[in-house]
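Structure first, then comments.
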Amino acid sequence: MFDKEYDVVVVGAGHAGSEAAAAAANMGCSTLLITMNLQNIAQMSCNPAMGGIAKGQIVREIDALGGYSGIVSDRTAIQFKMLNKSKGPAMWSPRVQSDRMRFAEEWRMLLEQTQNLDFYQDMVSSLIVEGEQIKGVRTSLGIEVRAKSVVLTNGTFLNGLIHIGEKQFGGGRAGEKAATGITEQLVDLGFESGRMKTGTPPRVDGRSLDYSKMTEQPGDEQPEKFSYLDCTSPLTKQRSCHMTYTSNEVHDVLRTGFDRSPMFNGSIKSIGPRYCPSIEDKINRFADKDRHQMFIEPEGWNTVEVYVNGFSTSLPEDVQFKALRSVVGFEGVKFFRPGYAIEYDYFPPTQLKHTLETKIISGLYFAGQINGTTGYEEAASQGLMAGMNAALKVKEQEALIIKRSEAYIGVLIDDLITKGTEEPYRMFTSRAEYRTLLRQDNADFRLTPMSNAVGLASDDRMRRMEMKDQKSKAFVQFFKETSVSPEEANPILEQKNSASVKQSGKLFKLFARPQITLEDVKQFDKVAAYIETHDLDREVMEQAEVQIKYSGYIEKEKNNADKLNRLEEVKIPSNFDYTKLKSLSFEAREKMTKIKPTTVSQASRISGVSPSDISVLLVYMGR
């Protein structure tokens, strides 16, 4: 079976590994996916949900590029919500509650139907490296698999250590062993490694909860979906989540276990995710708050298992249990399993290129939590890009690098390799300078053409995007060219407490008013007739609405992005000697020598590099 040399070997089958394997195989490369347990492909290790603030934009970007996360999320969703709908469209973020078991099953089925993709269950214990070139992997059974490129997506498994109170045991996830050997070899090869920590809450028996004491959290009345393709459909029925709160009584019970908490007794030495703290960390850091939200999330359509979002903990299991029994609605709770924390190895991502290929070993790519990120969506997007670029390298084609102004994925990767991270990195809309351009509704316009050009996004996907683009532009033009009289406009304007008009004017100007919605303008006979005649769907109409209402902001951000991209054009040679620029600050020389920025724009984003350092660099590069 392993006599042949694979184009791409992917190690690990979590969200990053699954996307990497699918991308490489769909681009025509012979691909092998190796994982320690084939029953756990694309396992949702923590919460049973995809998307959310900024993460929903990433899932849509993955879909626009031809990845599978959006399709799987749609097919296995039990609830859909568009978050931040009260704010502008740059902030709208889709999120689905998922059926955990069906999610993994759907991913497995999609991967099994992917041509050029083989599977093997074993632990990869070391890499085959010759000189500065990757040549394959070795497994714990002593099997050697030769490969032109390797993508490592080891998640939390590299020397994973699980903590529950004072108990510790090796593992990459509850019930699964840790992976050993790879970290030590990479350090010997010259890589820098570190430790990070994450955690997960208890899972409980939904039959033991009293939902009547909680606040119901239903899905959207008109649910949308992630994928731009028509192979998925919006939900017609949904399951509700619920919300309850901790209390001072709950906090007092939790504090009784602090002396046995690995967070406070020194057992855990690594840094956890700032924006997803454990419940003991919350009540310690925010001692002035007398309660914290808890979201009670069903794990699927038919299971009684429930995920207790907001109660991540590594306290002793008896303390976890007593504290939860003090929560309103949880008085009779029964555990399926306690929460725990896990420490694992990662490699500071400043050791990578924009392609996610390592700087030290050619053909070796890192994706997911091995790079210090947290979250399924962040991992999946890195896996997709690493798989695409590994395939392009094998084909001896130019790599695909997405700019910060083109996608949240571009922001994510640039942040990682330029700034690095000392704590688990999570994406937020605030991390993007151009979030008005990077909306969830236009990811296909931004990314499908570039993915289609390198052979991943299908021609069918490209045609759908072009048709949507044509229809939305034509609809905007219709508003620019069509006039309405005061008699037609004023009744609707009065309904919305918007100033009336005294003479006929273009619909575009009317629709641009903040109070006037798409539903309002549909009341005009001309608009209703146009929509029916041209068979416009909700996606096209919403796209036109955004373009009309936010045209000024969009144009301004495009101009700002163009200025940044001019600096992207000023390339820096990979072997450039910064020590010869005596006018550079010592810190700038040190950091740029370590990170090796490829453009002046990237150099400007390195922490500690000042505007005057960039001026020196620009003068020299200009010469």
Side-chain angles (χ1 to χ4, degrees), residues 2 5-12 14 16-17 20 24 32 34-36 122-161 170 172 178-196 270 343-373 379 382-383 385-387 389-390 393-394 399 413 416-418 420-422 574-575 590-598:
F2 298 122
E5 180 186 45
Y6 280 93
D7 290 327
V8 182
V9 165
V10 178
V11 180
L32 176 68
I34 305 182
T35 182
M36 294 200 294
D122 200 349
M123 183 179 85
V124 170
S125 54
S126 65
L127 307 173
I128 302 170
V129 179
E130 295 175 8
E132 296 178 353
Q133 177 69 46
I134 195 76
K135 292 294 181 181
V137 299
R138 289 188 190 89
T139 75
S140 59
L141 292 177
I143 294 167
E144 288 197 358
V145 184
R146 307 294 287 190
K148 293 172 184 167
S149 64
V150 172
V151 183
L152 291 185
T153 70
N154 304 79
T156 59
F157 281 76
L158 292 178
N159 294 318
L161 182 65
T180 56
I182 291 177
T183 298
E184 294 74 13
Q185 183 189 9
L186 288 172
V187 169
D188 287 343
L189 287 166
F191 285 89
E192 177 192 347
S193 74
R195 295 283 277 177
M196 280 190 176
S270 47
E343 288 187 286
Y344 56 93
D345 293 338
Y346 85 105
F347 291 83
T350 50
Q351 300 171 99
L352 303 176
K353 302 174 184 177
H354 271 98
T355 58
L356 298 181
E357 183 183 24
T358 66
K359 294 173 182 173
I360 296 176
I361 305 297
S362 177
L364 178 62
Y365 296 77
F366 291 174
Q369 281 175 291
I370 191 172
N371 289 338
T373 60
Q382 291 170 71
M385 296 310 299
N389 280 317
K393 178 151 188 151
V394 167
I413 293 173
L416 290 175
I417 71 160
T418 303
T421 185
E422 294 177 353
S574 58
N575 59 350
E590 185 183 70
K591 289 189 172 176
M592 287 196 276
T593 299
K594 179 182 179 183
I595 292 169
K596 294 183 173 64
T598 55

Using the test side-chain contact (heavy atoms from CB on, under 4.5 Å), find all partners of Lys135 that sit at least two apart in sequence or belong to another chain. Ile128, Glu130, Gln133, Arg146
Please report the closest heavy-atom contact between [X] and [Y], naming both atoms and the distance.
X: Gly12; Y: Thr153; value: O-OG1, 3.1 Å
X: Val129; Y: Ile361; value: CG1-CD1, 3.8 Å
X: Gly190; Y: Ile360; value: O-CD1, 3.5 Å
X: Thr373; Y: Gly368; value: OG1-O, 3.2 Å

Does a sphere of radius 6.0 Å around CD in Glu184 hold more than 12 heavy atoms from other residues, nucleotides or ligands, not counting ones at 6.0 Å or beyond? yes
Is the closest side-chain heavy-atom distance between [X] and [Y] below 4.5 Å?
X: Arg138; Y: Glu144; answer: yes
X: Pro349; Y: Thr421; answer: yes
X: Asp122; Y: Ser140; answer: yes
X: Thr350; Y: Ile417; answer: no
X: Asn371; Y: Leu352; answer: yes

Atom pair CD (Glu343) and OG1 (Thr156), whose distance is rounded to the nearest 0.5 Å: 11.5 Å
Which residues share a ring-ring contact (aromatic ring centres under 6.0 Å, His included) with Phe366, sequence neighbours left out: Phe191, Phe347
Kindly say whether Thr180 contributes a backbone atom to a donor-acceptor pair with the side chain of Ser125 at under 3.5 angstrom? no
